[in-house]
Amino acid sequence: MSFNKKVWQLCKKVPRGKVTTYKEIAAAMRTKAYRAVGNAMNKNPYGLLICGYGKNMVPCHRVVDSTGHIHGFAHGLKKKSDLLRKEGIKIRKNKILEFEKVRYRF
DNA sequence: GCTTTGACTCTCG
DNA sequence: TCGAGAGCCAAAG
């Protein structure tokens, strides 16, 4: 299985209402390719399904950096924060509130 | 194959 | 507290 697919697989394991970080994912794969993880997200073929919540969706919007701050998103940061808020996660200025509480650990 | 490119993270000052 | 710099890794050209 390719590196990217592993990333997406792990991504899908994040439950609704929870978030994870690029670092967590990398750690779960026993690697330190934090940046490559983000790169994988950016190129993920299921990106367009995020908003539609399709069968093979990869909840990329539940992945943020180690500080709980949101970076880029294929559909825009606003869209991403909206989706997270809809799942019960509070966001303010691209920053996740109560990060430690909603953070999912593998 | 070597070089470039990131949705990253850590360390300093 | 915050920004700059350096280190990191895999994918794409």
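Note on naming: letters A, B, ... go to the chains in the order of the sequence lines (proteins, then strands), and numbering restarts at 1 for each one.
Taking Arg105(A) as the reference, Glu100(A) meet the side-chain hydrogen bond (donor to acceptor under 3.5 Å, both in side chains) condition, with sequence neighbours excluded. Residues satisfying the side-chain contact (heavy atoms from CB on, under 4.5 Å) test with Lys6(A), not counting sequence neighbours, are Met1(A), Met29(A). Checked against side-chain contact (heavy atoms from CB on, under 4.5 Å), Tyr34(A) has the following partners two or more places apart in sequence or in another chain: Lys23(A), Ala26(A), Lys32(A). Legend: residues meeting side-chain contact (heavy atoms from CB on, under 4.5 Å) with Asn42(A), ordered by chain and number and at least two apart, are absent.
Atom NZ of Lys95(A) is surrounded by more than 12 heavy atoms from other residues, nucleotides or ligands within 6.0 Å.
Between the C1' atom of dA7(B) and the CZ atom of Arg62(A) lies a distance of 17 Å, rounded to the nearest Å. Summarising the geometry, the separation between CG on Asp65(A) and P on dG3(C) is reported as 14 Å, rounded to the nearest angstrom. The NZ-P distance, from Lys93(A) to dC2(C), rounds to 11 Å in whole Å. Atom pair Trp8(A):CH2 and dA7(B):P shows a separation of 15 Å (rounding to whole Å applied). Remark: C1' of dC10(B) and NE2 of His69(A) are 17 Å apart, rounded to the nearest angstrom.
Between Lys13(A) and Phe106(A) the shortest heavy-atom distance is CB-CE2, 4.1 Å.
Against DNA chain B, the stretch residues 17-25 of chain A makes heavy-atom approaches under 4.0 Å through Tyr22(A), Lys23(A).
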*Reading 5' to 3' through nucleotides 8-13 of chain C, protein heavy-atom contacts under 4.0 Å coded B for base, S for sugar-phosphate only, - for none*: BBBSS-
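Listed pair His71(A) / dG6(B) fails the phosphate criterion, with no side-chain N or O lying under 4.0 Å from OP1 or OP2.
Between Arg103(A) and Thr20(A) there is no side-chain heavy-atom pair separated by less than 4.5 Å.
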_As a quick check of understanding, evaluate salt bridge (Lys or Arg N to Asp or Glu O under 4.0 Å) for Asp82(A) and Lys86(A), giving each step before the final call._
CA-CA 6 Å; Asp82(A) 282 345; Lys86(A) 187 159 55 177; over 6 Å; no
